[in-house]
*Asks:* 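Can you keep this structure in mind? I'll have questions shortly.
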There are 2 protein chains.
Amino acid sequence: MARPREFDEATALEAAIECFWHRGYEATSVRDLADKMGISAPSLYNTYGDKHALFVQALERYLDHSTRARITRLEDSLPPKQAVRRFIDEIIERSVNDRERRGCFLINSALEVAPHDKRLGSLIAGRLAEIEAFFYRSIKAAQAEGDVPKDRSARDIARLLLGVLLGIRVLARSKPERALLEGVARPALALLE
Amino acid sequence: MARPREFDEATALEAAIECFWHRGYEATSVRDLADKMGISAPSLYNTYGDKHALFVQALERYLDHSTRARITRLEDSLPPKQAVRRFIDEIIERSVNDRERRGCFLINSALEVAPHDKRLGSLIAGRLAEIEAFFYRSIKAAQAEGDVPKDRSARDIARLLLGVLLGIRVLARSKPERALLEGVARPALALLE
DNA sequence: GACATTTTGTATCAATCGATACATAATGTC
DNA sequence: GACATTATGTATCGATTGATACAAAATGTC
């Protein structure tokens with residue numbers, strides 16, 4: 001019917017994720033994007049729309065393949081309390097080994113673009129709610145199994161863990177020190193015991 | 001000796017803080033700055049250097065008049081445990097009432113510019129350390145007075161509170177809901193009881 | 001009041017921004 | 001192979017970016 005695309009959309013989108021993740025939305029130019037994606041500007045606009053639409057697609061792909069995949073993997077392979085602990089542990093590990101200090105694409109976006117973009121803001125808020133929901137149902141399940149004391153508010157602890165997660169990610173971008181990040185997490189995780 | 005400046009440096013710097021606070025570093029143009037500061041571009045460059053130097057001065061002034069002033073005020077007027085509680089409470093109050101969702105200029109900067117600017121990165125890291133130090137010495141003092149259980153690590157709880165502070169500030173930019181932010185803070189503050 | 005010094009306002013610099021016009025190339029359909 | 005349709009490459013659009021050149025204006029010193 002028509003000339004086929006010569007590049008792989010998903011592969012190019014991965015490159016776009018790298019750009020936006022590393023530099024943020026404003027500091028990334030369309031030329032940066034096109035270069036790193038290995039395509040021309042017209043191909044970029046033809047395939048993904050404009051810069052903003054590309055950002056949305058990049059963020060959505062990142063969330064599906066990163067945050068959401070991690071939750072599914074841990075929830076399927078570990079008992080609930082361990083899944084929560086491991087989630088936080090993996091975030092710390094990633095943060096300490098993040099030599100470029102990219103942090104988390106979702107959390108970077110929550111700070112940079114959410115307040116200025118209503119549509120993206122609710123997308124991001126929804127994804128943060130998914131993380132809170134993971135913590136909440138894990139704690140609830142652990143409490144049902146007698147693995148976490150039942151006199152503690154699962155809702156509040158889930159929210160604390162969400163806050164701790166965001167805090168660790170932000171802190172790591174200016175002070176990526178293991179002792180500090182583990183210090184943040186330790187008293188919060190101790191509430192599960 | 002020479003022609004005197006026709007505007008107040010500090011007042012104009014306050015306007016620059018508003019710009020950078022609201023939009024971040026990259027998204028704020030020199031024209032935005034000059035307009036809001038009520039001066040011309042040459043006056044801006046003549047007085048503050050370039051855009052980057054202006055940002056540093058704006059951030060430093062913000063920190064002296066906001067974060068650092070709050071710590072001093074609370075520490076001078078309240079017993080240590082109450083000072084910590086009040087600090088967190090005030091942050092939540094500010095976040096909930098922050099209709100423009102500006103968050104905290106320091107924390108916004110920790111995420112946007114710290115990883116890309118070594119000099120600013122260490123400035124920011126130092127200021128975050130000051131906040132942690134405030135939590136730490138408050139908890140230590142409260143423990144000495146028997147106001148906080150002594151079997152808890154003051155270092156870890158101080159770090160948790162720092163993480164919670166950052167988490168609340170980030171969360172508030174996409175979900176400024178009181179119940180959520182208070183839920184994050186409640187289990188952390190409960191560790192002081 | 002002449003001079004040195006600094007600030008201010010106008011006007012503009014080259015570079016880069018996001019985004020496209022246009023012609024050419026590559027496909028499936030008939 | 002003619003045609004419709006979409007992708008690609010070149011070349012560039014007007015707008016905006018950070019930053020200045022330059023001359024006029026305002027001060028203290030002498």
Side-chain angles (χ1 to χ4, degrees), chain A residues 1-60 108-109 112-114 116-120, chain B residues 1-60 105 108-109 112-113 116-120:
Chain A
M1 193 65 139
R3 178 172 177 174
R5 198 153 277 151
E6 292 185 4
F7 64 95
D8 183 63
E9 281 188 49
T11 305
L13 196 51
E14 290 288 339
I17 291 173
E18 292 297 317
C19 291
F20 284 129
W21 192 353
H22 187 65
R23 307 277 312 165
Y25 180 80
E26 289 288 345
T28 301
S29 74
V30 174
R31 279 169 185 78
D32 290 340
L33 289 163
D35 286 349
K36 293 289 194 325
M37 295 168 79
I39 63 178
S40 65
S43 289
L44 188 157
Y45 281 91
N46 183 53
T47 307
Y48 303 97
D50 60 8
K51 182 185 176 185
H52 184 269
L54 174 60
F55 182 84
V56 173
Q57 293 167 69
L59 182 57
E60 283 179 335
N108 299 351
S109 303
E112 186 191 356
V113 308
H116 306 296
D117 188 312
K118 198 168 179 180
R119 177 166 142 53
L120 259 174
Chain B
M1 192 66 137
R3 176 172 177 175
R5 197 153 280 151
E6 293 184 3
F7 64 95
D8 183 62
E9 281 188 49
T11 304
L13 195 52
E14 289 288 341
I17 290 173
E18 291 298 318
C19 291
F20 284 129
W21 192 353
H22 187 65
R23 306 276 311 164
Y25 180 79
E26 289 289 345
T28 301
S29 75
V30 174
R31 278 168 184 79
D32 290 340
L33 289 163
D35 286 350
K36 293 290 195 324
M37 295 167 80
I39 63 179
S40 65
S43 290
L44 188 157
Y45 281 91
N46 182 54
T47 306
Y48 304 96
D50 60 7
K51 181 185 176 185
H52 184 269
L54 174 59
F55 182 84
V56 173
Q57 293 167 67
L59 181 57
E60 284 179 334
F105 187 21
N108 299 351
S109 304
E112 185 190 357
V113 308
H116 306 296
D117 188 311
K118 199 169 178 180
R119 176 166 144 52
L120 259 174

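All chains are named by letter (A, B, ...) in the order of the sequence lines, taking the proteins before the strands, and each is independently numbered beginning at 1. What you are looking at is a predicted structure, and each value in this text was computed from that prediction instead of being measured. Basis for what follows: all heavy atoms, side chains included, without hydrogens, waters or symmetry-related copies.
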*Asks:* Of A/R5 and B/A27, whose nearest nucleotide on DNA chain D comes first from the 5' end?
*Replies:* A/R5
*Asks:* What's the spacing between A/R119 CZ and A/H52 NE2 if we round to 0.5 Å?
*Replies:* 7.5 Å
*Asks:* I'd like to know if the side chain of A/D32 reaches the main chain of A/S29, judged simply by a donor and an acceptor atom lying under 3.5 Å from each other, with no hydrogens or angles considered.
*Replies:*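 Flag set: sc A/D32 to bb A/S29 pair under 3.5 Å.
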*Asks:* Please round to the nearest 0.5 Å and tell me the distance separating atom CG of B/L13 and atom CG of B/L59.
*Replies:* 10.5 Å
*Asks:* Can you tell me how far apart CD (A/E9) and CD1 (A/I39) are? Round to the nearest 0.5 Å.
*Replies:*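 Reported to 0.5 Å precision, the distance equals 9.5 Å.
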*Asks:* For B/Y48 and B/A53, work out which heavy atoms get closest and say how close.
*Replies:* O-CB, 3.3 Å
*Asks:* Separation of A/L33 atom CG from C/dC17 atom P, in whole Å?
*Replies:* 10 Å
*Asks:* Is the charged tip of A/K51 near the ring of A/Y25: under 6.0 Å from the six-membered ring centre and within 45° of its axis?
*Replies:* yes
*Asks:* Restricting to salt bridge (Lys or Arg N to Asp or Glu O under 4.0 Å), what partner residues turn up for B/E14, sequence neighbours left out?
*Replies:*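 Counting only residues at least two positions away or on another chain, B/E14 forms a salt bridge (Lys or Arg N to Asp or Glu O under 4.0 Å) with B/R61.
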*Asks:* With distance as the sole test, does A/E112 use its side chain to make a donor-acceptor pair with the main-chain N or O of A/E26 at under 3.5 Å?
*Replies:* yes
*Asks:* Check A/S40 against A/A34 and note the closest heavy-atom contact, atom names and distance.
*Replies:*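 Minimum heavy-atom separation between A/S40 and A/A34: C-CB, 4.2 Å.
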*Asks:* Listing time: all N or O pairs from protein to nucleotides 25-27 of chain C that are below 3.5 Å?
*Replies:*
unit_1, atom_1, unit_2, atom_2, d
C/dA25, N3, A/R3, NH1, 3.0
C/dT27, O2, A/M1, O, 3.4
C/dT27, O2, A/A2, N, 3.3

*Asks:* Take the protein atom CD of B/E26 and the nucleotide atom C1' of C/dG18, then report the distance between them rounded to whole Å.
*Replies:*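 These atoms are roughly 15 Å apart.
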*Asks:* Let me confirm one number: the CG-CE distance from A/L54 to A/M37, rounded to the nearest 0.5 Å.
*Replies:*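 If we round to the nearest 0.5 Å, A/L54:CG and A/M37:CE are 5.0 Å apart.
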*Asks:* For DNA chain D, which residues of residues 10-20 of chain A approach it to below 4.0 angstrom with any heavy atom?
*Replies:*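 Nucleic-acid contacts, sorted: none.
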*Asks:* Could you check whether any side-chain heavy atom of A/V30 comes within less than 4.5 Å of a side-chain heavy atom of A/Y45, counting everything from C-beta outward?
*Replies:* yes
*Asks:* Using a cut-off of less than 4.0 Å, is there contact between a side-chain N or O of B/S29 and OP1 or OP2 of D/dT16?
*Replies:*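 For D/dT16, OP1/OP2 do not have a side-chain N/O of B/S29 under 4.0 Å.
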*Asks:* Which nucleotides of nucleotides 10-15 of chain C have their base under 4.0 Å from a protein heavy atom (B), which only their sugar-phosphate (S), and which neither (-), written as one string 5' to 3'?
*Replies:* B-B---
*Asks:* Can you check the B/M37 CE to D/dG18 P distance for me, whole Å?
*Replies:*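 Going from CE in B/M37 over to P in D/dG18 covers 13 Å.
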*Asks:* Test of understanding: with side-chain hydrogen bond (donor to acceptor under 3.5 Å, both in side chains), list the residues that count as partners of B/N46, not counting sequence neighbours.
*Replies:*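 Testing B/N46 for side-chain hydrogen bond (donor to acceptor under 3.5 Å, both in side chains), a comparison that skips the adjacent residues, returns none.
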*Asks:* To the nearest angstrom, how far is B/F7 atom CZ from C/dT6 atom P?
*Replies:*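 The answer, rounded to whole Å, is 15 Å.
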*Asks:* Using a heavy-atom distance cut-off of less than 4.0 Å, which residues of residues 43-60 of chain A contact DNA chain D?
*Replies:* A/S43, A/N46
*Asks:* What I'd like to find out is whether the side chain of A/S109 reaches to under 4.5 Å of the side chain of A/F55, using heavy atoms alone.
*Replies:* yes
